[in-house]
Amino acid sequence: MPELPEVENILQCLRKKLLKKNIVKIENLRKDFIHHEDKLQGIRGCTVTSLKRRGKWLLMELNNHNSLVLHLGMSGRFILLKADSPNPKYALFRIIFDNGNALVYCDMRRFGRFEIIPTSQVDKYKSIKSLGVEPLEKDLDITLLSRILSKSKQQIKDFLLDQKKIAGIGNIYANEILFASKIDPFKPAHTLDEEEIIRLYESMQKVLKEAIAEGGSTINSYTIPSGEQGSFQFKHQVYGRKGKSCYHCSTSIWKEKQHGRSTYFCPQCQKP
Ligand SMILES: [Zn+2]
């Protein structure tokens, strides 16, 4: 599933290619995915005035005071093509711009979300309103992190996945951040000591920023809309490395199910 670093890369690519461009045509290829056809056709002729990210959500603002609000779900992908290119597999809709680009949304598993809502209502939109703090924004510092942690009895891995606490982190980066912090994924959030909180904060910044710089992690379907793949998967320390040697201490990496999600960790570096 695309997480903060992948969505950030998608955002930066779309900003470069689509900002200030006009929508000339919309093709709803699977009407059972987007039901509000009239709303969709209503954005024809509009200009993209801004592109933003909130957690794993993409927000595309238009000059008609409406915004496209998008979540890629499990397998959603944006692909930028020339307008006359054939549609890729699993294409659900296509937006054609006046610069000859077509933005195609493909989603094999169709867990993605797509809404058109007034821009003034975006912050009140249920799934956006409930999001926690952005991990790379200034408002998250060690004091605030410490305060949110102290109120949570969740295991720290579940805490990192909880979008209502911190927005944008999913399973890959939760595993990688905890390894970098040398914290046991099963430790209750409120029991982290001061040093662990500092390590957690610093690792979160480092891992997410590095992953963004590497174009994200290409596992399964994710690519940047212009077609490039991410390369952070080659830097994963624990995710997907069950049974392989820890790069720090050579102990075998373990994999355990934690509330339905795979948790990868080094039992030596991340001792309880
Ligand atoms: Zn280790």
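Bear in mind the structure is a predicted one, so any value in this text is a computation, not a measurement. As a basis for the values below, the full set of heavy atoms in this structure was taken, side chains included, without hydrogen atoms, waters or symmetry mates. Numbering of ligands and ligand atoms starts at 1, following listing order.
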### Angle subtended at the Zn ion (ligand 1) by C269 SG and C246 SG, rounded to 10 degrees
110°
#### Entry: Salt bridge E196-K187, side-chain N to carboxylate O under 4.0 Å
yes
### Message
Can you confirm if the aromatic rings of Y264 and F179 lie within a centre distance of less than 6.0 Å?
### Response
no
### Message
Distance alone, cut at 3.5 Å: any donor-acceptor contact between the side chains of D107 and S75?
### Response
yes
### Message
Need one value: angle at the Zn ion (ligand 1), C249 atom SG versus C266 atom SG, rounded to 10 degrees.
### Response
100°
#### Entry: Contact flag H248/the Zn ion (ligand 1), N/O/S atoms, threshold under 2.8 Å
no
### Task
Evaluate the ring planes of H236 and Y173, with Trp represented by its six-membered ring, and classify them as parallel (under 30°), tilted (30 to 60°) or perpendicular (over 60°).
perpendicular
